[in-house]
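The shown structure was predicted, so the numbers you read here are calculated from the model rather than taken from an experiment.
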Amino acid sequence: AAAWFAPGQTIGPQEPGQPSPKPVGYDNFNLDKNKVEAIKRDGGHLRYPLQQEMADKETIDISGDSVVILKHHGSYMQQDRSFQKTDKEAYRQSYQFMLRLKVPCGKMDAHTYKVLDDLSANYGQGDLRATTRQAWQLHGVKKHNLKHVIASIAKAGGSTLGGCGDINRNIMTPPAPLSDKAYQYAFQASNYLADLLKPSSPAFLELWLDGKKTGAVEYWNKDLIHGSTGKNHIPPLASNPEELEEMITRDRLKDQGTGIITGDPEEPLYGRTYLPRKFKMAVTVPGDNSVDIFIHDIGLVVIMDEAGENLMGYNVFVGGGMGRTHNKESTFAKVAEDLGYVPKEDIGEACKAILAAQRDHGNREVRANARLKYLVHTLGINNFRKLVEGYLGKSIQPSVPLPEWRMIDWLGWHEQGDGDLFLGINVEQGRVKDEGDFKLKTALRKIVDKYGLDTRLTGQQNMILCGIKPADKADIDSILKEHGIKELSEISPMVRNSMACPAFPLCGLAQSEAERAMPEFNERITALLDKMGLPGEYFITRITGCPNGCARPYMAELAFVGQGAAMYQVWLGGSPHQAGRTGIRFMDRMKTENLEATLEPIFYMWKTQRTTQMERFGDFCNRVGMEAIQKFSESYAAGTAFKDVKVEEFTAANKMQMMAPVPAEAGKRGTGTLTRASSGPRKQQIRVTDEIHQQLKAQAEQRGVAMSDLVEDILAKNLSL
């Protein structure tokens, strides 16, 4: 173990702080096949060889070892693959760097946004990209400008540390800046944990800021002092930056002797080799699944008291993740599992305990199986809970009951609850750019300059303008219209519910197009639905250029996963609200040209065999199963769907029912219940038609309550109880 530990370190992957409840099949000593572990070990806590290579002003690229270290600082090296086969010299000269910022809650203040916007114009490729994890990416930075760009972001109160690498990454929350206690506690927890779990090494300061602190307070730390929304209803964590830094440092170093703290003086929490793989988190409120709560290493759900006034604690989910490898069944997408309930005073230690369990027991011998999801799968959730309880030093309680989840995109105009408004703007595939008459980048900058608004990114790659005075609404609408930005009513629901990763030309892992293919796929799918009599229908659709799953394809109702040039795996059956299940692989190597031929029988089967018009595509595919869909497709006669077409329009009312946000009150009921009009156990059953059942289910989801509570409430009111 000494060979892998820093001086003073006594706990880590080769000498765990707590024993595993059952054998996992590896001991983390046989690391010859995982070169990344040796690079981290020899990297001097994220310094080498990057420090030396960045000092070399003559080269335009860095070595593979430095790329590993650089990721932890928030950057990837890329090349323009459009030249790869046509112009070798241009390809060789195309080295550039992508920066991914740390943006807790997806929020950025106006000052930092303006700095980022300027940097993209002066040192990047002229655009910005919103990621699927509520972070900003800046593409096209050359090596000789990299230090200046990273330093400029830090001096503006932002950071790239924690954007990438084998550490805790950006922490997601619902993007709606609601003046609501439950949401504000979610924002506060995200900001706090973002700092609690960040690396302690001074390497970032040394490499990019010449070892000097900027003096700027990171804007998420300001929120911990002043609040995240216009009117704050919860107490701050500290009264000033010095007090806050002292508190978070104390919490990070807190050592109960249970194996969380490694003994490494430079990285007490992470140790010399950091985590086996990336680590992702989200915090939300009951019912609001705008964060895809089931895909994270840790997902936290705010639990309030019955009155919705006081924070009680958090439900904790663990072990979600998307990445997999084609033709390697030992890798798989997985939804997070219920770990239990943790009181508010223990949530920091609980997250440290989960991180420590992954740090010590995650599989470092096979990097493809290094994510926390594989450890949870190997141990089983009960044994994993025992492991975490060992690090935490206390038992984890059963979870509090929750209402059904609802995927909300928060687009359009909404009231914040403090007198101000916020506006959710659709950003197709997250690309903020100026192109022809479409000038989104210019419009956003003009609005931020004029009104000084904070911005928030959504988990669906869209953008929210916050804190808008009602008197300014018309002007902001006018600015957007003048710059070619469509109103929400003009945007196809299929477009609104689609996502794609960047893929070509810059991603080195891409096997197929994604972002550049998504508009065409949306148009062709919509045209096919219209032709077969399903106008207005839509579902969650996603494309990724490779199986790593950055756009979360395996949660979608319909997904295409790159599997070669212009070929895709097809996945079906994810939840329309991203709740509790992945989709299922339906077929391999669908050629782009065969899109309609592949989907025509599936859509026709859905149209003719769904229980009601409200049975969503993903729910239908999951209910009937892949075998039934395969048999139907094989026996289907091409063109059947276009004969004697019966139009079944998905109405505006249906769309409203599917897309409506959960009321703010849903976040105030940690138990997800209505006040009952009767008492005693429910013993009697009442049968209803499928159509009534679907309507009740939709209403319960919209109100964020259990269906049984809703039914009792409706009956009681109509019976005058």
Side-chain angles (χ1 to χ4, degrees), residues 289 292 333 404-409 460 492-500 518 521-543 551-561 568-587 590 595-633 636 640-641 645-659 690-691 693-695 697-698 701:
N289 200 21
D292 263 4
E404 293 187 38
W405 293 103
R406 190 172 185 82
M407 206 287 281
I408 313 166
D409 62 18
Q460 292 74 45
S492 158
M494 194 67 74
V495 171
R496 179 173 170 176
N497 286 277
S498 67
M499 288 201 305
M518 191 83 249
F521 273 52
N522 280 334
E523 289 176 7
R524 291 168 65 182
I525 291 170
T526 300
L528 177 61
L529 290 169
D530 288 348
K531 185 178 178 182
M532 62 200 306
L534 292 170
E537 283 286 7
Y538 70 94
F539 27 79
I540 305 292
T541 308
R542 294 171 182 172
I543 302 181
R552 306 194 289 276
Y554 311 115
M555 300 299 288
E557 296 178 84
L558 172 64
F560 305 94
V561 179
Y568 299 86
Q569 264 184 357
V570 180
W571 287 66
L572 304 171
S575 163
H577 294 298
Q578 312 296 280
R581 69 173 188 258
T582 65
I584 303 170
R585 187 179 70 189
F586 174 69
M587 69 176 294
M590 181 204 78
L595 177 68
E596 288 85 355
T598 300
L599 296 180
E600 180 188 324
I602 304 173
F603 290 166
Y604 187 66
M605 184 183 183
W606 173 43
K607 179 183 180 182
T608 57
Q609 296 186 22
R610 56 187 175 177
T611 54
T612 72
Q613 193 182 19
M614 286 298 290
E615 184 175 28
R616 309 312 307 134
F617 180 68
D619 289 339
F620 170 80
C621 292
N622 181 68
R623 176 173 63 83
V624 301
M626 296 305 109
E627 183 178 350
I629 296 173
Q630 189 66 51
K631 287 182 178 179
F632 186 92
S633 297
Y636 175 82
T640 302
V645 176
K646 178 185 176 183
V647 176
E648 297 182 8
E649 184 173 3
F650 196 60
T651 65
N654 286 338
K655 293 175 189 175
M656 289 289 289
Q657 201 171 41
M658 286 295 297
M659 290 182 170
D690 288 338
E691 184 176 1
H693 178 268
Q694 290 294 330
Q695 291 178 13
K697 182 179 179 181
E701 289 176 349

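- Side-chain contact between Glu537 and Phe603 is absent, with no heavy-atom pair separated by less than 4.5 Å.
- Formation of a donor-acceptor pair under 3.5 Å by the Asn497 side chain with backbone atoms of Pro493 is found in this model.
- Taking each heavy atom of Pro553 and Ala559 in turn, the nearest pair found is O-CB, 3.1 Å.
- One distance of note links CZ of Phe620 with CD1 of Ile602; it measures 10.0 Å at 0.5 Å rounding.
- Annotation: side chain of Thr541 is in contact with side chain of Met518 (closest heavy-atom distance under 4.5 Å).
- The side-chain heavy atoms of Phe586 and Gln569, taken from C-beta on, include no pair separated by under 4.5 Å.
- A cation-pi arrangement is present between Arg616 and Tyr538 under the rule of less than 6.0 angstrom and at most 45 degrees off the ring axis.
- Among Gln609, Arg610, Arg623, the one residue that satisfies the side chain to side chain donor-acceptor pair (under 3.5 Å) test with Glu615 is Arg623.
- Two rings, from Tyr568 and Phe521, have their centers less than 6.0 Å apart.
- Not counting sequence neighbours, Glu523 has no partner by the salt bridge (charged side-chain N to carboxylate O under 4.0 Å, His left out) test.
- Formation of a donor-acceptor pair under 3.5 Å by the Asn289 side chain with backbone atoms of Gln578 is found in this model.
- The distance from the CG atom of Leu599 to the CE atom of Met532 is 9.5 Å, given to the nearest 0.5 Å.
- Under the 3.5 Å distance criterion, the side-chain polar atoms of Lys607 are left unmatched by any main-chain donor or acceptor of Ala641.
- Nearest heavy-atom pair across Asn522 and Ser498 is ND2-OG, 3.1 Å.
- Nearest heavy-atom pair, Gly536 versus Asp530, reported as atom, atom and distance to 0.1 Å: N-OD1, 4.1 Å.
- Contact of the Val624 side chain with the Phe632 side chain is not registered, since no non-hydrogen atoms from C-beta on lie closer than 4.5 Å.
- With hydrogens and angles disregarded, no donor-acceptor distance shorter than 3.5 Å links the side chain of Trp405 to the backbone of Asp292.
- Residues Arg542 and Ala556 share a closest heavy-atom pair of CD-CB, 3.9 Å.
- A pairwise comparison of heavy atoms in Asp619 and Pro576 identifies OD1-CD, 3.2 Å as the closest pair.
- Taking Glu557 as the reference, nothing meets the side-chain hydrogen bond (donor to acceptor under 3.5 Å, both in side chains) condition, with sequence neighbours excluded.
- Panel note: side chain Arg581, backbone Gly573; a donor-acceptor pair is recorded below 3.5 Å.
- When side chains are defined from C-beta on, Arg552 counts as touching Gln460, because their heavy atoms get closer than 4.5 Å.
- Phe617 is not listed as a side-chain neighbour of Leu534, based on a closest heavy-atom distance of 4.5 Å or more.
- Of the possible donor and acceptor atoms, one in the side chain of Gln613 sits under 3.5 Å from a partner among the backbone N and O of Glu649.
- You'll find the side chain of Thr526 reaches within 4.5 Å of the side chain of Ser492, heavy atoms only.
- Residues passing the side-chain hydrogen bond (donor to acceptor under 3.5 Å, both in side chains) test with Glu600, sequence neighbours excluded: Tyr636.
- To the nearest 0.5 Å, atoms CZ (Arg524) and CG (Leu529) are separated by 13.0 Å.
- Here the CD1 atom belonging to Ile584 is positioned 11.5 Å from the CD atom belonging to Glu627, to the nearest 0.5 angstrom.
- Side-chain contact between Ile525 and Leu558 is present, with at least one heavy-atom pair separated by less than 4.5 Å.
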